[in-house]
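Residue numbers begin at 1 in each chain, while the letters A, B, ... track the order of the sequences.
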Amino acid sequence: MATSTSPSAQSTAPAVTAAIQVYDTLTKTKRPLKTVRPGHVGIYLCGPTVYKEAHIGHMVGPVIFDTISRFLRYSGYDVEWVVNITDVDDKLIAESQRRGIPMAQVATQMTGDYCANLLEMGVDQITHMPRATENMNEIIAFIGELIEQGFAYEAEGDVFFDVARDAEYGKLTNRRPEDQQGEGGKAATKKRNPGDFALWKTAKPNEPAWESPWGQGRPGWHIECSAMSRRLLGKTFDIHGGGLDLTFPHHENEIAQSECCHSAPMANYWMHNGLMRAGDAAGKVGGKSDRDQAAEAGEQATVDTKISRSKGAGGLRSLLSRHTGERVRFFLLRTHYRSTIVFSEEGLEEAGAALDKFYTFFERYERIMGRPFYLDPDETKEDRRLITRRVDGEIETAGDELLAEVAKLRASYLAKMDDDFNTGGAASDLFLLVNTLNRTIEQQGLEQGKGTEAQKAAFARASETLRELSALLGIFFKPIQRGGGGNEQALANCVELLLTMRAEARKNKDFATADRIRNDLTAAGIVLEDRKEGTLWKVG
RNA sequence: GGCGCCGUAGCCAAGUGGUCUAAGGCAGCGGAUUGCAAAUCCGCCAUCCCCGGUUCGAAUCCGGGCGGCGCCUCCA
């Protein structure tokens, strides 16, 4: 496969890399990314309906698209990424009635929860987060245009999209309305065809409602995405994303609305991430089989709490109390975004064990270089979005063996990212990179201060590449938290005291005492590491 | 019933026509190092669900099985 990752090709190439391949669900093909506007990528990702706290399944899309955004920006694109917030919908109304508070309050609370979780996961690339209720004029106007063009009709205060008028309807998921088994739902009697879907729903008493040409009501689910994507990204934009479960009916209907209205493609690439499922049972996390199981169990509690108790996959908040956001993010990115991810506590633990390899290296780096591997927060706060550009990360090997190897790994890593954002494959190169770095430390005795200046410089440059590449996955930005609270100094003093005692015991070959101190410290959560230069400890 | 996806070592997982007698991680096993450990380094650990076909050549393409999963219900 042709890539432009060789150093010589890069230096003369334009700012934007032409080698990025994207898989498109609509055409079922992988093809080079060609954007509507040169150097600019518009991405629309279907966001959450904010009626309940988020679970881990809701993070899959944001994490992968955050990573894609980073990679595109790094590759020279100006990225505009929209994630919508659905803050008006049947479930929101139900939740507000159950809790006896206004729908808007539920939405605000849950949007806050969602955003807090995003930040915890390192998702900070989003450009716009438009809310449906703040785009009513746009939505109503869009519906009006569809009616005007004959693609939609009004029926007793409801407005439906007329599927029969769209010759291409069903092209995304390869289905025809007449093959479907559904009977059209509650509003079936008002519809011309069972497959017609609501653009506008007339309000029942005591429901939130907006004024429209068809009376008081609220928008249907799909129309907000057509209206808001047009407002922010234009009639035709580059990438539309979402979970695989949204292909039908949601995305199919978005395509119908937007493409009938504009006689133009809605998005040039449709990207769908795989769903997450629970490890011990069938069904995706939060999905149908979960709901069925909960129903069968006759639980009083809502279906979603049942999921959290039975699968351990419930509220993100509790998950993030057991695992760092970085760990969860890495767990998600180790699998290709189009694959199903099987959720399990063990899988998360394993991701953590893998990350420890890097954390250990960062400590070695600090001992050698005398400064943290992580960038100073002040250095990154201005533009944490982009640590470096692809072209700036090119390595001058200057005949150095280490740098030559690092350059090779970097090229391999970038080639995998170029190929439909293969984060799992790319991550493997990160492990090879850290292994190379560790080997260099061993061979050159860098921790004993033995290396030459040139060797140290090469090591520093190679480490810089590790930071550059890991930043693309959105990991290793901030120091990991070890120890806790304001007692850190006191803890350190106590441990140092015990280490002094142990050192004396070892000097006297009193290994029984030395081992007892180490074992008891281990039991207390302090892990020791004896080195030539002295004993290191950390809260493990 | 219709439309799709998936099946690679004990586990997770990349690869989707030759460089694959198949990456990487976790676990495990040998060795170096260590007073013993830990960490690190070196080494070991799979012929790709089954059967048939296409091809000079298949984990990769086609057909048929078996097994798992999703959508067709306003679920990311």
Side-chain angles (χ1 to χ4, degrees), chain A residues 25 28 45-49 54-62 64 83 86 89-92 170 173-183 185 195 197-198 201 220-222 241-250 252-253 272-277 282-291 304 330-331 334-336 338-342 344 346-347 349-357 360-361 363-364 412 416 419 422-432 435 438-443 447 506 509-511 514-515 518-519 522 527-532 535-538 540:
Chain A
T25 316
K28 292 188 172 58
L45 176 70
C46 285
T49 301
H55 60 68
I56 186 173
H58 292 123
M59 294 293 120
V60 178
I64 180 64
V83 177
T86 301
D89 139 291
D90 289 352
K91 282 183 296 193
L92 260 158
T173 51
N174 187 26
R175 60 186 88 199
R176 292 175 305 173
E178 54 270 32
D179 289 340
Q180 302 309 306
Q181 291 186 320
E183 284 156 24
F197 55 91
K201 296 173 162 189
W221 177 30
H222 319 294
L244 206 48
D245 52 347
L246 293 184
T247 53
F248 192 93
H250 188 53
E252 199 70 79
N253 292 350
H272 290 98
N273 59 270
L275 304 176
M276 175 168 286
R277 50 183 202 98
K284 64 188 177 182
V285 173
K288 181 176 183 288
S289 34
D290 273 359
R291 297 195 293 267
D304 281 351
F330 189 64
F331 170 72
R334 288 181 83 187
T335 303
H336 187 95
R338 280 191 273 125
S339 304
T340 302
I341 302 177
V342 178
S344 75
E346 296 72 44
E349 294 288 349
E350 194 191 305
L355 283 176
D356 282 341
K357 240 186 172 68
T360 303
F361 169 75
E363 287 165 359
R364 301 185 92 178
S412 163
K416 286 169 187 167
D419 185 8
N422 181 356
T423 56
S428 72
D429 288 323
L430 249 30
F431 285 97
L432 291 174
N435 173 257
N438 275 324
R439 190 179 341 114
T440 301
I441 294 173
E442 299 287 324
Q443 285 174 353
E447 273 191 289
R506 290 178 74 202
K509 306 252 188 251
D510 178 7
F511 295 123
D515 286 351
R518 183 175 63 199
N519 292 339
T522 304
V527 178
L528 302 190
E529 187 177 331
D530 290 328
R531 308 185 62 90
K532 287 203 171 64
T535 299
L536 301 173
W537 66 277
K538 64 187 175 190

Item to check | Shortest non-hydrogen separation from A/Phe330 to A/Ala427 and the atoms involved | outcome: CE1-CB, 4.3 Å
Next on the checklist: Whether A/Arg506 engages the ring of A/Phe511 as a cation-pi pair (distance to the six-membered ring centre under 6.0 angstrom, angle to the ring normal within 45°) should be assessed.
Outcome noted: no
Item to check | Residue A/Leu275, side-chain atoms from C-beta onward, closest of B/G15, B/G70, B/G25 | outcome: B/G70
Checklist outcome for this item: On a heavy-atom basis, the closest approach of A/Leu92 and A/Thr86 is CD1-O, 3.6 Å
Next on the checklist: Contact between A/Asp419 and A/Lys416 at the side-chain level, heavy atoms closer than 4.5 Å - yes or no?
Outcome noted: no
Next on the checklist: Mind checking if A/Gly241 touches a base, just sugar-phosphate, or nothing, with heavy atoms under 4.0 Å?
Outcome noted: nothing
Checklist entry - Can you check the A/Asp245 CG to B/C5 P distance for me, whole Å? => result 16 Å
Checklist entry - What orientation do A/His222 and A/His250 show, parallel under 30°, tilted 30 to 60°, or perpendicular over 60°? => result tilted
Next on the checklist: In this structure, how many angstroms lie between the P atom of B/U73 and the NE2 atom of A/His222, rounded?
Outcome noted: 10 Å
Checklist entry - Are side-chain heavy atoms of A/Thr423 and A/Ile64 found at a separation under 4.5 Å? => result yes
Item to check | Side chain of A/Arg175 (C-beta onward), nearest among B/G15, B/G2, B/G68 | outcome: B/G2
Next on the checklist: Just the rounded figure in Å: distance from P of B/C72 to CD of A/Glu252.
Outcome noted: 12 Å
Item to check | Sidechain-backbone polar pair: A/Glu529 side chain, A/Leu536 backbone, donor-acceptor under 3.5 Å | outcome: no
Checklist entry - Does a side chain donor of either A/Thr49 or A/Asp89 reach within less than 3.5 Å of an acceptor in the other side chain? => result no
Checklist entry - Considering only the C1' atoms, how many Å lie between B/C69 and B/C29, rounded to the nearest integer? => result 36 Å
Next on the checklist: If I take atom NE2 in residue A/His272 and atom C1' in nucleotide B/C5, what distance separates them, rounded to the nearest angstrom?
Outcome noted: 13 Å
Item to check | P atoms of B/C45 and B/C62, separation to the nearest Å | outcome: 33 Å
Checklist entry - How far, in whole Å, is B/A9 from B/G15 if one measures between their C1' atoms? => result 15 Å
Next on the checklist: For B/A9, give the paired nucleotide (Watson-Crick: N1-N3 plus N6-O4 or O6-N4; G-U: N1-O2 and O6-N3; both under 3.5 Å), or none.
Outcome noted: none
Checklist entry - Tell me: CZ of A/Phe197 to C1' of B/C72, nearest whole Å? => result 15 Å
Checklist entry - Are side-chain heavy atoms of A/Glu447 and A/Arg531 found at a separation under 4.5 Å? => result yes
Item to check | Under 3.5 Å on both distances, the Watson-Crick or G-U partner of B/C69 | outcome: B/G4
Next on the checklist: Let's see if you can work this out: which of B/G2, B/G15, B/G68 has an atom nearest to the side-chain heavy atoms of A/Asn422?
Outcome noted: B/G15
Checklist entry - What integer number of Å spans the P atoms of B/G7 and B/C12? => result 12 Å
Output a table of nitrogen or oxygen pairs between the protein and nucleotides 10-12 of chain B separated by less than 3.5 Å.
none

Checklist entry - Quantified in whole Å, what is the C1' atom distance between nucleotide B/G31 and nucleotide B/G68? => result 41 Å
Detail all sub-3.5 Å separations between protein N/O atoms and N/O atoms belonging to nucleotides 21-23 of chain B.
from, atom 1, to, atom 2, distance (Å)
B/A23, N3, A/Ser428, OG, 3.3

Next on the checklist: Within the 4.0 Å heavy-atom criterion, would you say A/His336 contacts the bases, only the backbone, or no part of the nucleic acid?
Outcome noted: sugar-phosphate
Checklist entry - So what's B/A59 paired with, Watson-Crick or G-U wobble, going by both distances under 3.5 Å? => result none
Item to check | Nearest-Å distance for atom pair CZ/P, residues A/Phe248 and B/A76 | outcome: 17 Å
Item to check | CG-CZ distance between A/Asp356 and A/Phe361, expressed to the nearest 0.5 angstrom | outcome: 15.0 Å
Checklist entry - Taking the same atom, C1', in B/G18 and in B/C11, what whole-Å distance lies between them? => result 31 Å
Checklist entry - Is the distance from OP1 or OP2 of B/G2 to the nearest side-chain N or O of A/Asn174 less than 4.0 Å? => result no
Checklist outcome for this item: Walking RNA chain B from its 5' end, the first of A/Gln443 and A/Val60 to be reached, judged by nearest nucleotide, is A/Gln443
Checklist outcome for this item: Rounding to 0.5 Å, atoms CG (A/Asn422) and CG (A/Asp429) come to a distance of 9.5 Å
Checklist outcome for this item: Answer for the Watson-Crick or wobble partner of B/U40, both distances under 3.5 Å, is B/A32
Checklist entry - Considering only B/C26, B/A76, B/G68, which nucleotide approaches the side chain of A/Met276 most closely? => result B/A76
Checklist entry - Are any non-hydrogen side-chain atoms of A/Asn253 and A/Trp221 less than 4.5 angstrom apart? => result no
Next on the checklist: I need a per-nucleotide contact map over nucleotides 28-40 of chain B, read 5' to 3'. Cutoff is protein heavy atoms under 4.0 Å; write B for the base, S for backbone only, - otherwise.
Outcome noted: -------BBBBSS
Next on the checklist: Tell me the interatomic distance from A/Arg338, atom CZ, to B/A14, atom P, rounded to whole angstroms.
Outcome noted: 11 Å
Checklist entry - A/Met59 and A/Ala54: which non-hydrogen atoms are nearest, and at how many Å? => result CE-CB, 4.2 Å
Item to check | Comparing A/Lys28 and A/Gly61 on RNA chain B - which has the more 5′ nearest nucleotide | outcome: A/Lys28
Item to check | Any side-chain donor near an acceptor of the partner, A/Arg338 and A/Asn273, under 3.5 Å | outcome: no
Next on the checklist: Roughly how many Å apart are B/C48 and B/A58, using the C1' atom of each and rounding to a whole number?
Outcome noted: 11 Å
Item to check | B/C41 to B/U60 separation - C1' atoms, rounded to the nearest Å | outcome: 35 Å
Checklist entry - A/His250 has an atom NE2; how far is it from atom P of B/U73, in whole Å? => result 15 Å
